[in-house]
Amino acid sequence: MSTKQKRFILPEDEIPKYWYNIQADMKTKPMPPLNPKTKEALKPEDLFPIFAKELCRQELNQTDAWIEIPEAVREMYKYYRSTPLVRAYGLEQALGTPAHIYFKNESVSPIGSHKLNSALAQAYYCKEEGITNVTTETGAGQWGAALSYAAKVFGLEAAVYQVKISYNQKPYRRSIMQTFGATVTASPSMSTRAGKDIITRNPNYQGSLGTAISEAIELAMTTPNCKYTLGSVLSHVTLHQTVIGLEAEKQMEMAGEYPDMIIGCFGGGSNFGGICFPFMRHTILEGKKTRYIAAEPASCPKLTRGKFQYDYGDEAGYTPLLPMFTLGHNFAPANIHAGGLRYHGAGVIVSQLLKDNLMEAVDIQQLESFRAGCLFAQAEGIIPAPESCHAIAAAVREAEKCKETGEEKVILFNLSGHGLIDMASYDQYLAGNLMNYELKDEDIQKNLDEIKNM
Ligand SMILES: *Cc1c(COP(=O)(O)O)cnc(C)c1O
C-alpha cells in the first residue's frame, strides 16, 4: 500500500446506524424554545401542527444520546455515503504548510451538498406518519433541491416557495427542483393570503426568505396532510447531519490521525454541528482538546458580533422564540454570493456551546472566501460552493499559522457542497465585481435594540 493514501472510504455496512444527539451529553442544556404568546417552554405537541411528530420529539430530546437511523433512510444514504474523507495534499503543497489538512467531501451527494442527509430523514418521517405533501421555502435553492428529491424518493408531493429574485436569477436550481417533480412557486405568490397581501401592497416586491417562510407555513397549516420542513437551524436538522462527523471519526482513525481543529462554514449551524458534534462528544466526556471553529461571513456575523438572547427564527415572527446568538430577526444581510449563510441567527445548541466556550467562531470577508475557493479548486480539482469557501478560508488561515510556527497540526474541515451551479458567482468574482462588506457597529446595534425587550 502506498504511504500517501489520498481518500478514505467506509464500506456500506459501516454507514452509521445511529445519529448522535449532543443535547444528551451537554453539561449545560440549551434553554427551551418559548411559545411567543404565553412565554412558556415549548412541548413537542406544540409543534405537531407544523412538523412531523417524530421530528418535534427529536427537536426537544435532551436525554437520548443515540437515535436510530431508520433502515429506509440508511438505504438511501447508500446512494452516496460514505462520503470520502480526503487528505488535501494538493492544498498543503500549494500553501507550503507542514499542517495535515483533511476534508470531508459532502459535495458528492446527488444534489451536491450535505442538505440531503436531513431531507431524506424528514421526508421519511412524514411518509411514515401518513403525510402526503411537504412544503418549504428556499433562497438560493440548495435546500429546495434536496427536499424535492427526498420527497420523490418517499412518494410525497413537494411544494417549494422560492424567493422571487432567486427564482428568476438562479434558473438552474429551479430546473433541478422541477426535474425531481416538485412544484416551484416564486414568492410572493397569489396562492396564499400572506403572498396576496404583500403583492397587493407592493406589486414589484422581489421577495425575501421571511415572506417565503410565511407562505410555506400557511400552506402547511391550511392543507390537509401537509407538513412544513426546514433545512437548517433547528436541532433535529443538525442531529441528522451528525452522520458526517460519525463517518469522519472512523475515517480519521483509518488515516491514523486525530484532528487538532475542526472547521465548518456557518449558516444556521447544521453542517458545522454535523461534522463537529461526534468529536465534541470526546471533549465533553473525556476532556479531549480539540478546537471547533465556525466560519461565518463578515456580512452576517451572528456568532462573532451578535448577541445571545431570545429571538424569532424568521423575519415575520411566526416561529417560537429561540435562545440564540442573533443579529435580530429584522437584520437584512448584504446580498453576498454565499446565499446559504445569510441567516440572522444560530441554532440553539451551537449558541449554548459558544456561550460555554466549547467552540469558537471567525468571520470571513467575501473576497477572502473566493480567493481560498479558487486556490482549493486549482489544488484539489473541486470547485467549492461559495458557502464552503468560508470553511476553506478559515482552514487556510490556520494552515498558514502552522507554516509560521512549523507545527504539524491536523486540520479537518467540511466541504459542505460543490459550486458547479454557482458559477455566475465565480464569474462575478473573476471579473472583479465583488466587494467586501464592512458592517458598522451602529447597524448591528440598531437591529439588536429592536429586539431588546423580547
Ligand atoms: C445551506 C448550506 C450551508 C449553510 O447551512 P448550515 O445549516 O449552516 O450548514 C452551507 N453550505 C452549503 C453548500 C449549503 O447548501
Side-chain angles (χ1 to χ4, degrees), residues 83 103-119 121-122 136-150 162-163 166 170 173 176-177 209 229-245 262-277 292-297 300-303 313 324-325 333 336-351 353-354 359 361 363-364 369 373 376 382-394 413-422 425-426:
T83 63
F103 64 92
K104 180 75 168 151
N105 188 359
E106 289 296 308
S107 82
V108 302
S109 95
I111 53 116
S113 82
H114 68 287
K115 291 225 167 58
L116 197 54
N117 298 329
S118 183
Q122 295 188 42
T136 195
E137 76 287 339
T138 198
Q142 291 122 323
W143 169 245
L147 185 73
S148 299
Y149 172 55
Q162 185 171 21
V163 179
S166 312
K170 309 220 172 201
R173 282 238 172 67
I176 290 173
M177 293 185 264
L209 266 183
T229 64
L230 206 53
S232 181
V233 186
L234 294 179
S235 301
H236 68 263
V237 182
T238 307
L239 171 75
H240 305 149
Q241 295 297 350
T242 58
V243 286
I244 304 172
I262 306 177
I263 300 170
C265 67
F266 197 97
S270 77
N271 93 88
F272 171 80
I275 192 159
C276 289
F277 291 174
Y292 306 93
I293 307 169
E296 63 181 4
C300 193
K302 58 245 175 193
L303 297 175
M324 61 184 184
F325 276 91
I336 56 159
H337 284 260
L341 305 184
R342 294 177 68 237
Y343 181 71
H344 69 273
V348 303
I349 297 176
V350 174
S351 292
L353 294 170
L354 182 65
M359 56 171 280
D363 60 342
I364 309 272
S369 74
F376 180 81
I382 302 169
I383 297 181
E387 291 84 1
S388 314
C389 290
H390 291 74
I392 299 170
F413 72 86
N414 192 41
L415 184 71
S416 54
H418 69 64
L420 293 177
I421 312 160
D422 303 289
S425 304
Y426 277 87

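For this chain, numbers begin at 1 and follow the sequence in order. Everything numeric in this text was worked out from a predicted model, so none of it was measured. Both counts, for ligands and for their atoms, begin at 1 and track the order of listing.
- With 3.5 Å as the limit, one finds no donor-acceptor pair spanning the side chains of Gln241 and Glu106.
- Ranking protein heavy atoms by distance to atom 8 (O) of ligand 1, first place goes to Gly267 N, 2.7 Å.
- Between Gly269 and ligand 1, a contact under 3.5 Å exists for at least one N or O pair.
- Scanning the protein for heavy atoms near atom 13 (C) of ligand 1, the closest one is Ser416 OG, 3.4 Å.
- In this structure, CE on Met324 lies 11.0 Å from CG on Leu303, to the nearest 0.5 angstrom.
- Looking at Cys265 next to ligand 1, no N or O pair under 3.5 Å apart turns up.
- Interface of His114 with ligand 1, defined as ligand atoms under 4.0 Å from a residue heavy atom, comprises 2 (C), 3 (C), 9 (O), 10 (C), 11 (N), 12 (C), 14 (C).
- An N or O contact shorter than 3.5 Å is missing between Ser388 and ligand 1 by distance.
- Within the set Arg342, Lys115, His418, Glu296, the minimum heavy-atom distance to atom 3 (C) of ligand 1 is found for Lys115.
- A donor and an acceptor atom, one from each side chain of Ser107 and His418, are nowhere located under 3.5 Å apart.
- Residue contacts with ligand 1 for Gln241 are absent, since no atom lies close enough (heavy atoms, distance under 4.0 Å).
- The CZ atom of Phe272 sits 10.5 Å away from the CG atom of Asn414 when rounded to the nearest 0.5 Å.
- Between Phe103 and Phe376, the angle of the ring planes goes over 60°, which puts this pair in the perpendicular group of the 30/60° scheme.
- The number of heavy atoms from other shown groups lying within 6.0 Å of CD1 (Ile383) does not exceed 12.
- Where the criterion is an N or O separation shorter than 3.5 Å, residue side chain and backbone included, Asn271 meets it with respect to ligand 1.
- An N or O contact shorter than 3.5 Å is missing between Val233 and ligand 1 by distance.
- Taking each heavy atom of Ala361 and Leu354 in turn, the nearest pair found is N-CD1, 4.5 Å.
- For ligand 1, the atoms sitting less than 4.0 Å from at least one non-hydrogen atom of Glu387 are 10 (C), 11 (N), 12 (C), numbered in the order shown with element in parentheses.
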